[in-house]
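Every value quoted in this text rests on a predicted model; they were computed, and no experiment measured them. Computed from heavy atoms alone, side chains included, the values below leave out hydrogens, waters and symmetry copies.
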Amino acid sequence: MLGLFASSIFLGAFLLFLVQPMVGKLILPLLGGSPNVWTTVMLYFQAMLLAGYGYAHALSKLKLGTRVAVHIVVALAPLALLPIGLPGAAGAGGAWMPDPEGFQAGSVLLLLAAATAGPVFVLCSVSSTLQSWFSATGHRAARDPYFLYGASNAGSMAALLAYPVLVEPWFPLTQQRWAWSIAYAGLAVMLAACGISAWRAMRRAGPESRQVARGGPAVSATPVDERARTRERLMWLALSLVPAGLMMGATQHITTDIAAVPLLWILPLTLYLLTYIVAFSQFGPRAGRIAAWLVPVAVVAVGVMAIVRLRSPTWLPVSAHLVLLAAGAMACHGRLASLRPSPTRLTEFYLMLSVGGVLAGIICGITAPAVFNGVVEYPLFIVAACLLRPTTKRADAPRRQQWSVVRLTLRTVAWMMVVGIVPAYVFMMAWLLGPSAPSDALRYPLFQLCWIVPAALTLAVLSRRWLYAAAVVGLLAIPWFDRQLLEREILQIRTFFGVHRVVAQDGAAGVAHLLFHGTTEHGRQWRSSPFDRQPMAYFTRTGPVGDVFAELDRRAREEPSAGQRVAVIGLGAGTLAAYGRAERAFTFYEIDPVVKDIATDPDLFSYLAQSDSPIDFVLGDARLTIARAEEAAYDLIAMDAFSSDAVPIHLISREAVAAYLRALRPGGLLMFNVSNRHIRFEPVLSRLAEDAGLVGMMRDEPRISMEERRGGKQPSAFIVLARRAEDLGLLAADTRWRRLEPAPAAVRLWTDDYSDLLSVVKWR
């Protein structure tokens with residue numbers, strides 16, 4: 001019976017974590033990757049999770065026999081709606097499909113509900129419901145069924161790792177949907193078996209188990225203290241909210257500000273789930289104590305690395321943040337496990353945990369991008385984790401006496417800092433940040449040393465919770481001051497897509513403005529004339545882009561009256577507008593309106609304002625918007641939407657290429673910027689070219705001279721596709737361009753139904 005319950009809980013969580021990426025792949029080509037779509041999808045799954053736990057809690061009030069009967073019916077009902085899919089998706093403009101132009105969140109929610117609501121609702125309730133049933137069986141482990149929560153998190157973690165490694169590379173989306181549906185049918189049968197098994201075991205159990213099975217606790221003469229219960233619920237809420245927020249904040253920070261590596265987001269989520277597994281196991285108390293002592297050390301390590309700007313080797317700061325996440329989540333989850341109530345309140349406990357997770361998602365996914373201009377929620381959750389960190393007390397007096405001298409010494413040092421060193425530290429910070437500050441050459445090393453006081457104070461005042469939190473705030477605030485004052489940051493703004501920063505930098509031709517999205521540069525420009533009209537970074541005239549526009553210039557000279565139109569997917573700083581001519585029009589397709597605001601602000605970048613071409617903008621997902629462009633409208637379509645780990649797969653599928661070719665004139669060119677530190681796009685585009693009957697060429701500049709680098713050029717790689725070899729023009733005769741190599745047999749054709757990011761990751 002225990003194996004049946006554990007495997008059912010495992011399978012339910014496994015299927016729940018599989019259905020979310022499947023639904024994402026289903027809707028991406030149809031609705032695009034705009035923020036309102038993904039925010040609505042996130043809200044949908046959070047609402048379903050909360051509804052599932054709420055349903056399980058309400059069901060627990062009934063007698064076990066009634067619970068089993070109701071839940072079996074609820075679990076079997078969605079079988080009539082399988083396999084999961086988007087109704088109306090096969091036909092153009094189906095009644096269920098929202099109009100992307102007139103986006104309505106309600107329409108998307110209705111679409112998702114029609115496609116997945118039944119099975120997803122059941123999956124969200126599996127863990128809590130089965131644990132509640134198991135507590136009434138009279139099994140020797142039924143008095144504390146929370147260990148089964150480990151099976152739920154193990155299932156989630158297994159799906160998280162299996163989807164990119166085993167499911168996505170081997171099965172198209174259609175096969176995934178059918179396999180998932182068959183697995184759900186098997187789960188429904190297992191749930192029925194669990195219910196019948198629990199009901200039969202309850203009939204043989206003692207009076208205590210029967211009381212639990214009747215939907216309520218045993219009668220007690222002790223009155224219930226509602227205030228104490230409210231405080232207890234709030235503590236459950238906080239101890240579930242903070243680790244979830246810490247995981248989301250760490251993921252955002254690591255994948256954008258440290259290492260924009262594809263699939264790196266899997267590591268924080270895996271560690272988060274692993275801490276839940278350990279916390280509710282027999283090793284939970286010991287692991288929680290170790291984590292409580294590890295948190296301060298990890299906080300200091302993360303803070304110091306941020307202050308001294310340690311980014312190489314990359315694995316070192318990434319590891320520090322992952323250790324901090326694991327320690328903070330383990331400390332909170334360990335404390336949460338120690339506060340778990342009796343099985344009679346099990347569903348209430350899990351309901352509060354789900355509320356905490358939903359609140360964390362809303363804070364990090366919706367509120368923070370709208371309120372903060374940086375990933376401010378991450379340090380806030382670090383401070384909250386420090387406040388919730390349990391204080392470890394040793395029960396044995398002899399060992400306490402051994403540590404009394406150390407404790408007294410640390411306390412003395414802490415108060416000496418508070419009384420003497422801290423005012424001096426505040427005075428020095430005011431001097432460094434004030435109008436009479438020293439030169440940058442002196443201010444920078446002094447500023448780098450400012451971590452010593454808050455770091456030492458953080459470790460010295462661990463027993464004083466609020467003073468400890470204040471020291472952590474001081475430590476984590478230093479990198480913010482560092483970036484604001486010493487990095488010459490001009491602008492920082494946050495959107496749904498991440499943090500955009502414009503930074504001033506001195507160079508060979510004066511001051512340059514650089515546009516960053518996390519650690520990825522999206523454009524730069526010299527700010528002094530005449531250098532401000534020179535395209536820089538990946539788009540220089542001596543690079544691959546210069547060759548492509550030289551071919552367009554040749555065509556313009558041969559047919560001066562024809563006129564040319566260029567579509568650019570991905571605006572960045574608007575650098576390609578530097579190739580403007582009076583007879584050449586540019587249309588920039590951009591999904592993020594803030595990027596347009598940055599690129600069109602002449603105080604930041606002036607490529608667009610100074611261009612000789614007429615400029616037009618189309619906001620929205622490029623896959624959807626370019627499909628509405630005129631047929632045979634463009635001489636060149638330039639794809640520049642690849643951004644490190646944020647790979648827009650729906651923009652490089654067979655269906656996407658078909659949309660581009662529809663909008664491309666006869667003899668036109670498709671240009672793809674494949675400059676990427678972590679992804680090899682060449683085999684994917686080679687396979688797409690073979691499928692569409694196109695010819696392709698590639699120019700890769702992995703190394704450039706130091707003089708070119710000082711001039712603002714960066715290594716780049718571009719691929720150009722055309723319908724015929726003659727359409728390549730000058731590129732075909734240029735020895736720096738080579739024919740696109742045939743794709744390896746292992747790389748399959750990417751479509752809306754199939755893609756495999758793992759197969760093209762650069763592992764070296």
Side-chain angles (χ1 to χ4, degrees), residues 143-150 153-154 157 231-232 234-247 250 268 270-303 319-342 349 353 356 381-411 414 455-469 471-472 475:
R143 290 180 176 272
D144 187 14
Y146 291 96
F147 70 94
L148 288 172
Y149 195 39
N153 287 284
M157 190 166 65
R231 289 193 297 269
E232 185 180 38
L234 291 176
M235 183 57 69
W236 296 342
L237 181 67
L239 290 171
S240 60
L241 185 153
V242 170
L246 193 64
M247 180 269 296
T270 301
L271 287 175
Y272 169 78
L273 294 171
L274 187 60
T275 60
Y276 258 129
I277 296 173
V278 175
F280 285 86
S281 71
Q282 59 181 333
F283 306 105
R286 178 176 297 179
R289 289 193 296 269
I290 295 174
W293 284 108
L294 189 57
V295 167
V297 178
V299 168
V300 170
V302 165
S319 300
H321 284 277
L322 292 178
V323 169
L324 173 58
L325 167 62
M330 186 66 240
C332 291
H333 288 159
R335 189 176 180 188
L336 183 65
S338 68
L339 297 176
R340 60 188 184 272
S342 67
F349 175 72
L353 265 60
F381 277 116
I382 291 177
V383 174
C386 292
L387 286 172
L388 290 174
R389 165 185 166 272
T391 55
T392 306
K393 297 181 179 179
R394 298 187 180 274
D396 51 323
R399 191 167 293 181
R400 282 206 307 269
Q401 292 175 2
Q402 293 176 10
W403 284 92
S404 60
V405 176
V406 177
R407 193 179 297 112
L408 179 61
T409 303
L410 290 175
R411 192 172 298 173
L457 188 62
T458 299
L459 296 175
V461 295
L462 294 179
S463 60
R464 298 186 176 274
R465 193 180 300 273
W466 290 100
L467 187 59
Y468 165 57
V472 172
L475 180 67

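The two residues Ala469 and Val383 have their closest heavy-atom pair at CB-CG1, 4.1 Å. Taking every heavy atom of both residues into account, Tyr276 and Ser240 meet most closely at OH-CB, 4.0 Å. Shown here for Ala238 and Pro243, the closest heavy-atom pair between the two residues is O-CD, 4.2 Å.
Applying the salt bridge (Lys or Arg N to Asp or Glu O under 4.0 Å) definition to pairs two or more places apart or across chains, those involving residues 326-340 are Asp144-Arg340.
The closest side-chain heavy-atom distance from Leu353 to Leu336 is below 4.5 Å. Val297 is not listed as a side-chain neighbour of Trp293, based on a closest heavy-atom distance of 4.5 Å or more. Using a 4.5 Å cut-off on side-chain heavy atoms (C-beta onward), Trp236 and Pro341 make contact.
Legend: residues meeting side chain to side chain contact (heavy atoms under 4.5 Å, CB included) with Ala244, ordered by chain and number and at least two apart, are Tyr272, Ala360. Residues passing the ring-ring contact (aromatic ring centres under 6.0 Å, His included) test with Tyr146, sequence neighbours excluded: Phe349, Tyr350. Residues that satisfy the side chain to side chain contact (heavy atoms under 4.5 Å, CB included) test with Ala154, not counting sequence neighbours, are Phe10, Ile277. Under the rule for a side chain to side chain contact (heavy atoms under 4.5 Å, CB included), the partners of Val302 that lie at least two apart in sequence or sit in another chain are Ala320, His321, Leu324.
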Could you go through the side-chain contact (heavy atoms from CB on, under 4.5 Å) check for Glu232 and Leu339 one step at a time? CA-CA 8 Å; Glu232 185 180 38; Leu339 297 176; 5.6 Å; no
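Interatomic distance, Met247 CE to Leu273 CG, rounded to the nearest 0.5 Å: 7.5 Å. We find the CD1-CG distance between Ile382 and Leu387 to be 12.5 Å, quoted to the nearest 0.5 Å. Expressed to the nearest 0.5 Å, how far CG of Leu234 lies from CG of Leu239 amounts to 11.0 Å.
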Only pairs under 3.5 Å count here: list side-chain donor-acceptor contacts from residues 325-332, not counting sequence neighbours, and write none if there are none.
none

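Checked against a 6.0 Å centroid threshold, the rings of Phe280 and Phe147 do not count as neighbours.
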